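Notes follow once the structure below has been shown.
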Amino acid sequence: MFPGQIRVNVYFFIFQEPLGHLIFSIQQVASTDSSDSSPTKLINILESLCSRMLKCSLENFGLNEATDLLDGLPESQQQQEIVRQILGVFEALMGYTISTWTKDTSAEKAKKLNSLFKGYSRVAEYAKSNHKTGKKTDGDTGGASRPKRKDDKRVAPTKGRTVTFRFPHTVLDYHVTHRMLCILHMNSVPWCTDEAANQIKGHRGFSIYVLEATLKLLKASLAENHTILKSTSRLNSYINIGSVVYSQCVTKLQEFVEFDAGTAALALDCFNGLFGLVCSHYKEKLGLFLGEVVGTVPASEGLTKQLFALVSKHKELLTGILSMEDEAADETAVKKIPLLLIQGITQFTLQIPCNDACRQVLKWVKLFVKDRVLSNVNLVKRMLSLLFTLELRSKGSSQLYEHIAMQLSDLMGTVNEDEEAEKHISYSAVRAGYENAVLFLLCDIVKQMLELIDWTLLRFRAEYTAMTHSVADRLQANRESLKRKECDVVHQISQCVQILNYVSNLALKPGPATDAVLKLLTHQYTSLTMLTKYFILRSTKTDPAFRAVRFEMVVKLTGKYLSPHVYNLISHIEASQKLENGTKKKKADPLAMKSKVLRETRFIPNLIYEIEQYEKFVIELSKKSKVNLMSYMKLSTYRDFRIYSKRLQAADDQDQSNAGNDTVVSGVEAQENGHSVSSVVKEPPKKKARKQ
């Protein structure tokens with residue numbers, strides 16, 4: 001069969017299953033050791049297919065470079081399917097070449113593998129070169145229009161969005177990718193000669209392709225059946241691939257970056273994906289995995305030591321890569337590597353119990369954020385996210401969040417400028433330009449704390465109900481246990497109040513950051529209301545349960561500090577919105593304006609309502625327990641009529657200034673007309689006396 005015949009067969013064939021998967025399954029049968037003659041016949045067919053595929057050009061496959069591959073026409077859709085099938089066939093044949101590779105056939109297999117990958121790359125480049133920028137809602141036919149079709153996938157919904165070809169999922173498996181990784185990165189392979197391996201190792205494009213295929217397999221494994229994932233053979237595949245990637249790529253990361261930063265980033269991504277899969281589906285075998293893959297600490301010494309050794313190695317790599325990032329500031333791949341290293345450190349640390357090892361990692365992260373100036377906002381977000389997560393896990397009494405909030409006050413300004421700035425620890429990573437990113441992270445961690453408090457309060461109600469029905473012998477022990485838990489919750493919510501006390505004093509501008517803060521403040525008062533309701537249930541006139549856990553201090557913090565700051569913030573936001581609306585000259589999008597108005601009119605009223613609800617239940621708790629809690633707070637007056645003395649004085653001064661200017665102008669005009677100023681400015685007429 002000559003190459004031209006392939007075009008006819010492929011062009012008019014209706015595929016019931018992907019050709020690549022079919023050929024890959026055939027090569028799996030052919031590459032197994034068997035005395036049957038069938039594998040020999042299959043090998044001959046596969047060898048013939050390899051030689052014929054290598055002789056084919058794009059035209060032989062029915063692909064025309066002048067055709068728009070991403071058009072919605074049936075011909076273009078058919079060409080897309082042809083491209084996908086051809087890519088799968090090339091992948092399957094590369095898998096066959098790797099699977100049947102022996103030391104005796106190394107030279108021949110290396111040459112064939114390079115040729116097959118060139119063919120794959122040629123078709124892949126053809127698919128990549130066909131991209132469109134969606135700037136029109138209709139087809140782009142040089143002025144001519146065509147009717148819209150329901151199956152037209154070329155049109156992009158967003159202006160300027162680039163539409164590209166979607167590559168199919170790889171047909172390779174873990175066994176083949178492991179053998180490919182061994183040829184690329186191992187110093188010596190038993191089934192391959194060094195000369196043949198050297199022909200493959202220097203191929204940058206093939207190295208990227210293999211790591212991308214491995215990464216696709218790992219992502220696909222997340223969606224597979226758990227029974228398949230938990231098989232021993234699958235775990236062995238993870239260990240084999242992880243050993244090669246970690247020992248030859250991760251540990252030698254700086255050398256690997258010099259070869260190609262993009263390949264190094266893919267290797268890190270693969271190792272993070274492997275670790276995540278093992279944690280998800282083989283958590284009980286994590287020690288075995290790390291012992292085989294990392295090798296520095298055996299499984300017998302414990303999982304904590306293994307993870308801590310892994311964290312220490314990544315810390316060392318991160319320090320070295322950041323120095324390289326400063327030298328290669330323009331390379332995107334080099335900037336991505338620190339993010340992947342921090343992602344790995346986060347994964348490893350979350351598996352370490354809250355012990356001395358975890359606290360050592362937390363101490364290192366604090367020093368890193370405090371002393372290191374980071375030039376990448378994504379890097380700052382990753383490091384602060386790790387820091388906040390570890391601080392939340394440790395449940396320490398440090399004032400990290402308060403210090404971050406106070407540093408934001410220095411950067412963004414405060415609503416109440418009369419308050420003196422408190423002394424705080426400054427973190428070098430938190431600097432001008434990153435304020436909103438840091439504020440979002442801070443809001444997110446406080447939201448997590450409040451959600452945990454809400455869940456705990458629901459548990460409290462159930463425990464209190466059970467305690468009232470418990471036997472007398474265990475009643476006192478249950479009371480003491482519940483009291484300790486209540487102390488923890490009151491401490492946590494007071495910490496949230498202190499953080500938001502600084503956040504609510506930030507001079508925020510209208511935008512997403514303001515919306516996030518208002519939503520968080522609403523959540524804060526909702527949680528306070530839940531806690532107050534709980535203590536109403538628990539307290540009596542003779543036994544005010546909230547006093548034993550210092551809930552009065554929370555009421556004092558909210559009444560004297562948080563609530564006044566919140567009201568000042570609301571006034572500041574409304575004034576900023578009026579100023580912004582007054583300075584806008586362009587005609588805004590009606591839909592955007594409608595959305596903005598709905599958003600602005602929803603957040604502030606909801607917040608005020610929650611404050612009033614909280615105050616209402618504090619009054620109820622005060623009446624029930626006969627403890628004067630209202631001495632710590634003032635009732636909400638935001639809905640009342642208010643006179644802003646500063647604004648009134650400023651307006652009065654402006655009116656007087658304008659009146660003085662008008663008088664001077666009138667006097668000048670009168671002098672020009674030959675009159676004196678006194679004759680122009682007349683006294684008001686006297687009132688006539690009323691007749692008796």
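All values derive from a computational prediction rather than experimental measurement. When reading the values below, keep in mind they use all heavy atoms of this one structure, side chains included, and skip hydrogens, waters and symmetry mates.
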Next on the checklist: Can you list everything that forms a side-chain contact (heavy atoms from CB on, under 4.5 Å) with Ile445? Sequence neighbours excluded, please.
Outcome noted: Phe388, Leu392, Tyr401, Leu442, Gln448
Checklist entry - Partners of Ser243 by side chain to side chain donor-acceptor pair (under 3.5 Å), sequence neighbours excluded? => result none
Next on the checklist: For a 4.5 angstrom cut-off between non-hydrogen side-chain atoms, does Phe206 reach Asn114?
Outcome noted: no
Checklist outcome for this item: For residues 432-441, the side chain to side chain donor-acceptor pair (under 3.5 Å) pairs (sequence neighbours left out) are Arg431-Tyr434
Checklist entry - Measuring from Leu113:CG to Gln199:CD, what's the distance to the nearest 0.5 Å? => result 10.0 Å
Next on the checklist: Which residues pass the ring-ring contact (aromatic ring centres under 6.0 Å, His included) test with His203, not counting sequence neighbours?
Outcome noted: Phe117
Item to check | Reported OG-to-NZ distance for the pair Ser312 and Lys305, which is rounded to 0.5 angstrom | outcome: 12.5 Å
Checklist outcome for this item: Checking Leu303, Leu307, Thr304 against Pro353 for side-chain contact (heavy atoms from CB on, under 4.5 Å), the one that qualifies is Thr304
Checklist entry - Do the charged groups of Lys112 and Glu47 touch, with an N to O distance under 4.0 Å? => result yes
Checklist entry - Do Arg382 and Ser385 have side-chain heavy atoms sitting under 4.5 Å apart? => result no
Item to check | Backbone N/O of Phe440 and side chain of Asp444: donor-acceptor pair under 3.5 Å | outcome: no
Checklist entry - Does the side chain of Leu341 reach to within under 4.5 Å of the side chain of Leu253, using non-hydrogen atoms? => result yes
Item to check | Donor-acceptor pair, side chain of Ser31 and main chain of Gln28, under 3.5 angstrom | outcome: yes
Checklist entry - Counting only N and O atoms by type, is there a donor-acceptor contact under 3.5 Å from the side chain of Arg179 to the main-chain atoms of Ile98? => result yes
Next on the checklist: If the condition is ring-ring contact (aromatic ring centres under 6.0 Å, His included), which residues does Phe368 pass it with, not counting sequence neighbours?
Outcome noted: Trp364
Next on the checklist: Take a 6.0 Å sphere around CZ of Arg459 and say whether it holds more than 12 heavy atoms from other residues, nucleotides or ligands.
Outcome noted: no
Checklist entry - Once you round to the nearest 0.5 Å, how far does CG of Leu340 lie from CZ of Phe271? => result 12.5 Å
Checklist entry - With sequence neighbours left out, what residues match Glu212 under side chain to side chain donor-acceptor pair (under 3.5 Å)? => result none
Next on the checklist: Show me the pairs that pass ring pair (Phe, Tyr, Trp, His ring centres under 6.0 Å) and involve residues 289-322, at least two apart or across chains.
Outcome noted: His314-Phe348
Next on the checklist: Taking salt bridge (charged side-chain N to carboxylate O under 4.0 Å, His left out) as the cut-off, I'd like each qualifying pair that reaches into residues 263-277, sequence neighbours left out, listed once.
Outcome noted: none
Checklist outcome for this item: Here the gap from Leu215 atom CG to Leu274 atom CG, rounded to the nearest 0.5 Å, amounts to 9.5 Å
Checklist entry - Within a strict 4.5 Å, meaning less than it, do heavy atoms of the His185 and Ser247 side chains meet? => result no
Checklist entry - Of all residues at least two apart in sequence or in a different chain, which pass the side chain to side chain donor-acceptor pair (under 3.5 Å) check with Thr170? => result Glu91
Checklist entry - Taking all non-hydrogen atoms of both residues, which atom of Leu450 and which atom of Cys496 are closest, and how far apart? => result CD2-SG, 3.9 Å
Checklist entry - Under 3.5 Å, is there a donor-acceptor pair between the side chain of Gln27 and the main chain of Ser99? => result no
Next on the checklist: Please determine whether the number of non-hydrogen atoms from other residues, nucleotides or ligands lying under 6.0 Å from atom NZ of Lys366 exceeds 12.
Outcome noted: yes
Checklist entry - Excluding sequence neighbours, so at least two apart, what forms ring-ring contact (aromatic ring centres under 6.0 Å, His included) with His178? => result none
Checklist entry - Are there more than 12 heavy atoms of other residues, nucleotides or ligands under 6.0 Å from atom NZ of Lys370? => result no
Item to check | Which residues share a side chain to side chain donor-acceptor pair (under 3.5 Å) with Thr102, sequence neighbours left out | outcome: Thr105
Checklist entry - Just wondering, are more than 12 heavy atoms of other shown residues or ligands nearer than 6.0 Å to NZ in Lys315? => result yes
Next on the checklist: For the backbone of Tyr246 and the side chain of Thr251, can you confirm whether one donor and one acceptor N or O come within less than 3.5 Å of each other?
Outcome noted: yes
Checklist entry - Is the closest side-chain heavy-atom distance between Cys279 and Gln351 below 4.5 Å? => result yes
Checklist entry - For the residue pair Cys182 and Val189, what are the closest heavy atoms and their distance? => result O-CG2, 3.5 Å
Checklist entry - Between Tyr174 and Leu217, is there a donor-acceptor pair closer than 3.5 Å when you use the side chain of the first and the backbone of the second? => result yes
Checklist entry - Side-chain contact, heavy-atom cut-off 4.5 Å: Arg372 with Leu322? => result yes
Checklist entry - If every non-hydrogen atom of Cys50 is compared with every non-hydrogen atom of Tyr96, which pair is closest and at what distance? => result SG-CD2, 4.2 Å
Checklist entry - Within the side chain of Lys201, is there an N or O that forms a donor-acceptor pair under 3.5 Å with the backbone of Met186? => result yes
Item to check | ring-ring contact (aromatic ring centres under 6.0 Å, His included) partners of Tyr126, counting only residues at least two apart | outcome: none
Next on the checklist: As an exercise, state the distance from NZ of Lys109 to CG of Asp104, rounded to the nearest 0.5 Å.
Outcome noted: 11.5 Å
Item to check | Verdict with reasoning, Glu81 to Gln85, per side chain to side chain donor-acceptor pair (under 3.5 Å) | outcome: CA-CA 6 Å; Glu81 189 60 38; Gln85 299 302 322; 2.6 Å; yes
Checklist entry - Is the closest side-chain heavy-atom distance between Leu384 and Tyr427 below 4.5 Å? => result no
Checklist entry - Is there side-chain contact between Leu19 and Ile86, with at least one heavy-atom pair below 4.5 Å? => result no
